Amino acid sequence: MNLIMASSWLPLLVLLSSLVPGLIIVFLEEERVQLRTALNITGAVAKIVFVALMLYGVTHGHTYAWSLPVMPGLRLNLVADPLALLFVALSAALWLVTTIYAIGYLEGSPNRSRFFAFFSLCVTATAGIALAGDLFTFIVFYEALTWATYPLVVHRGTPASVRAGRTYLAYTITGGTVLLVGIVWLYALTGTVTFVDGGFVEAAAGGAVTETRIIFGVLIAGLAVKAAIVPLHGWLPVAMVAPAPVSALLHAVAVVKAGAFGIVRILYSVYGVEYATLIGAAQVLAVAAGITIIYGSLRALAQDDLKKRLAYSTVSQVSYITLGVAIVGPVATLGGLVHLMHQGIMKITLFFCAGNLAEVHGVKKVSELAGAGRRMPFTMAAFTIAAFGMIGLPPTAGFISKLYLGIGAVQAEHTWIVGVLVVSSMLNAAYFLPIVYRAWFEDAPTGATMGEAPWKLLVPAAITAALSLGAGLFAAMPVSPLELARLIIQRRYGL
């Protein structure tokens, strides 16, 4: 056991646990249901085991790094630091429940081997982004994520999904190209793109303030596409034509989180928040995040389509992460980082429930939700818990995130951020509470069918709803998302 925990191969094994099943599934015939399911579940469980070993090792002083030469002067570097583990732990845990959900959701559907192959490749790319030790490795997996998720967005093959796929590619390829330009420019200026705690730009090129400021803008613009920062968010609501497991993956685990995580890396491992603040870049980013938070909530209010309402909610909620890390100070940073995990478990619950409503009773609009609580009590109970979390009501995970963000904003003397949080929470309540009221307190239409979702669809939603509640109730426990985020803060600020 000690040998395994100390192994430098663990970061690679995390990637292989989803890459190998994905490559095998590509060649499986549709009828090989049991083998495909076994490969999916085995890979997902193995990933959790490998991540758990790294988590235990990192908290006990071990360092995990794996490197592969690509060409002279270029290597793929995987490094498991606390920040990487925050993201990869979320990815690993939610991949397992999403796999179970997808198996039930797609039962009897065509092209399941293709779906699960790209599903596994998507998770592999996400893990690579999390474990990247430099910007070169990051951009390789960041672009791999684009191409792995495109077949999932267009999976149904309808004209609407094909159009959504084109929009998705147009946005994400453009964003990736801009990011690559920024990385090359930064390397030309500093001679390095290796992540360093506290950043390296000030030491390597601190005198070139104007140039470093422009490069920061280019890097963030490239990442802002997948992070869905206004006005680069347009692909996200369009992509809601994808199947529910894909929507859950895009919003909670993979694409938007990859963008937000990349912004965190730029701030903390490339520029350093102090230097980004010194050149005025962090303040501009915080304002952009604040605008996105309010804009996304306002747009969510106007949506009758349930998945689109959830999509605009994601536009708003993911920017809490950016807002928190753009503020200088450990408490606000803690709130932003822990929201990376909290938003994931809450939002995936909402999309699971939306998928259940659509699949079992054909309910896809907010206006059709009357009596849904009596028709599908367990599904709507899970939805209600996650919705309360998004609003920030205690004792949910969302309350913990917003509490630390608010306290951190006050400590940093950014009182305008407190106003953003208050207004956003009121808007969250305005677009979630009518759903809850309609589902539980209005009568179902005459002749409406009754019945809960099958267990493969219900159990994942119940698990993630329980996590949404447990992450708030047991936030002080050693294995909670808050404590994992606190480990990053302790390392960064020496607390």
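In this text, all values refer to a predicted model and were calculated from it rather than measured experimentally. Numbering of residues begins at 1 and proceeds along the displayed sequence.
Listed by chain and number, the residues in a side chain to side chain contact (heavy atoms under 4.5 Å, CB included) with Val20 are Leu16, Ile24 (sequence neighbours excluded). Checked against salt bridge (charged side-chain N to carboxylate O under 4.0 Å, His left out), Arg265 has the following partners two or more places apart in sequence or in another chain: Asp81. Taking Phe138 as the reference, Tyr142 meet the ring pair (Phe, Tyr, Trp, His ring centres under 6.0 Å) condition, with sequence neighbours excluded. Partners of Thr167 according to the side-chain hydrogen bond (donor to acceptor under 3.5 Å, both in side chains) rule, which considers only residues two or more places apart in sequence or in another chain, do not exist here. Scanning for salt bridge (charged side-chain N to carboxylate O under 4.0 Å, His left out) contacts around Glu211 gives an empty result, with sequence neighbours left out. Taking the ring pair (Phe, Tyr, Trp, His ring centres under 6.0 Å) definition, one finds that His342 meets it with nothing, sequence neighbours left out. The side chain to side chain contact (heavy atoms under 4.5 Å, CB included) search around Thr124 returns Leu15, Ser18, Leu19, not counting sequence neighbours. Residues that satisfy the ring pair (Phe, Tyr, Trp, His ring centres under 6.0 Å) test with Phe87, not counting sequence neighbours, are Phe261. For Thr99, the side-chain hydrogen bond (donor to acceptor under 3.5 Å, both in side chains) partners two or more places apart in sequence, or in a different chain, are Trp95. Considering only residues two or more places apart in sequence or on other chains, Phe118 meets the ring pair (Phe, Tyr, Trp, His ring centres under 6.0 Å) condition with none of them.
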For residues 426-434, dump all side-chain donor-acceptor pairs below 3.5 Å to protein atoms at least two apart in sequence or in another chain.
{"residue": "Asn428", "atom": "OD1", "partner": "Gln317", "partner atom": "NE2", "Å": "3.3"}
{"residue": "Asn428", "atom": "OD1", "partner": "Lys402", "partner atom": "NZ", "Å": "2.9"}
{"residue": "Asn428", "atom": "ND2", "partner": "Ser424", "partner atom": "O", "Å": "3.2"}
{"residue": "Asn428", "atom": "ND2", "partner": "Tyr431", "partner atom": "OH", "Å": "2.9"}
{"residue": "Tyr431", "atom": "OH", "partner": "Ser313", "partner atom": "OG", "Å": "3.2"}

What side-chain donor-acceptor pairs closer than 3.5 Å can you find for residues 382-391, not counting sequence neighbours?
{"residue": "Thr384", "atom": "OG1", "partner": "Met380", "partner atom": "O", "Å": "2.7"}
{"residue": "Thr384", "atom": "OG1", "partner": "Trp440", "partner atom": "NE1", "Å": "3.0"}

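In summary, the side chains of Asn77 and Ser67 do present a donor paired with an acceptor at a separation below 3.5 Å, with no hydrogens or angles considered. With no hydrogens or angles considered, no side-chain donor-acceptor pair links Thr333 and Tyr404 at under 3.5 Å.
Between Val218 and Trp185 there is a side-chain heavy-atom pair separated by less than 4.5 Å. Within the 4.5 Å cutoff, the side chain of Leu78 has no heavy atoms near those of the Val14 side chain. With contacts defined as side-chain heavy-atom distances shorter than 4.5 Å, the pair Ile407/Val410 does not qualify. Contact check for Leu393 versus Phe399: no side-chain heavy atoms found under the 4.5 Å cut-off.
Just one of Val79, Val270, Asp134 meets the side chain to side chain contact (heavy atoms under 4.5 Å, CB included) condition when paired with Thr194; it is Asp134.
His414 and Trp416 have perpendicular rings, their planes meeting at more than 60° on a 0 to 90° scale where under 30° would count as parallel.
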